[in-house]
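These notes are about the structure you will find just below.
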Amino acid sequence: MYINLTRAIYFITLMFTLLFTSTSGLATTPVDTSLAPMLQNVLPAVVNIKAQIKITDLNTLREIQRQQQGGGNRGGNNSDNDSSNNNNNNNDDDQNSPPVIGTFTSVGSGVIVDAKNGYILTNAHVISEAQTVTITLSDGRHFTAKVVGMDKPSDIALLQIKAKNLTAVPVGDSNKLKVGDFVAAIGNPFGLSQSVTSGIVSALGRTTLGIESYENFIQTDAPINPGNSGGALISMQGELVGINTAILGNRGNIGIGFAIPANMAKSIMDQLIQYGNVKRGVLGIGAQDITPELAGAFNLSITKGAAVTQVQPASPAEQAGFQVGDIITAINGSEIKNASDVVNTIGFLRVDSKINIQILRNNKSMTLTVALSDPKKRKLAVAQTDPFLYGVALKNFSISSPVFGDVRGILVVGVDSESTAWQSDLRPGDVITSVNQQKVTTVEELKSAAAKADKTLLLNVLRGPSAVFLVISKE
């Protein structure tokens, strides 16, 4: 069939023209995709931080570098040595090397969150062990900061400067974040101030990474590089949703960065402002994720939660009536999805906080009220129940032991360095053969004799080829 090619092209062009011009004015209405308006209000709140740390020996330098690297790679410490007095040719194996004396400079970022009071959030590893901390604002002004406090387990620190005309970024609700939300990371990577990168929220609630003691990270593909530590992760609404802290790998950004959620950072900040420290309460349980296999074994209809695997003696959990096998489903009304949620929720509540914990026991819903205790007070309470042998791990000799039958006594396998037994020179590897001049061969006999003792416990201990007497006294 004959087709007029020119006419066909004309009709196709006409159809596309009519379709394009009739789609809700998209052809004539430009779409604004720039972050500039939002960033204009946020950028002045992100500051540069330089922490000066005096180094007197190699061990101190290594410890600081270890803290700053953490598990994986910290999202941002450029470091240099400002001192010309350092001997960089020291042999690590040379025990006679002269001490390294100089200044180590830790470089990172911070976020102004309260303009009136001059409060700045950053990472604890950026300013840890610092003698002086210098803040440089976006307008070039410099200030010496006061360290209000820091919390190394969560890697959050709070600084304060006295300055006028500051700009603060509003703190958003990080619990409202969703995977796929657009975010911007702002900091000073490689010393390049006020740098902005963008990306999305790649994942939420990242735990067990070995970076911090308390982990609930926001994962993002917004590039984070050395110098970004303590910088801001910003939502498209111009709110602070995270504190950038680490990257995966050791060779710079590979598209996997981590930020501490703003809600977690604010919880720490509030305690640092009010108390100057973070004093965590203890619940006193062990917990495990609910897996499909566990759910089936417990005959549960739920697949989320944390199973209680241990209830420590003299703990708030024991006093509240917790039992092994209880399934924790919520704390203070917040859903518990796994054991990490329990650790993170309890870990950010202060000593003496009263909380309501929802559990399932034999598939029946219950609520237990617990007052979190000071871990030192709990330790003291436990020590009072066993004043002589608290903190000492003991083991009977089994028939498979190479010295079974030749040595009659109890093997000491561990001693808490803060216990009275340690102060009395009891050490792992010792073999206790008598208590108050009575022979003992089992842990049960040893515990029974210790329970009858009054003020002191006289131990006869085999230590290698020789034997010694040790006296443990009640504190």
Nearest heavy-atom neighbours spanning [X] and [Y]:
| X | Y | result |
| --- | --- | --- |
| G238 | V42 | O-CG2, 3.8 Å |
| A168 | V113 | CB-C, 3.7 Å |
| R427 | V412 | O-CG1, 3.6 Å |
| T420 | P387 | OG1-O, 3.3 Å |
| M150 | L272 | N-CD2, 3.8 Å |

Using modelled atom types only, decide if a donor and an acceptor are shared between the side chain of [X] and the backbone of [Y] within a distance under 3.5 Å.
| X | Y | answer |
| --- | --- | --- |
| N117 | D114 | no |
| D326 | Q323 | yes |
| D155 | A124 | yes |
| T329 | Q358 | yes |
| N344 | S340 | yes |

When rounded to the nearest 0.5 angstrom, what distance separates OG in S138 from CG in L43? 7.5 Å
Scan side-chain atoms only and decide if N363 and N299 contain a donor-acceptor pair under the 3.5 Å cut-off. no
Between E129 and K152, is the closest basic N to carboxylate O distance under 4.0 Å? yes
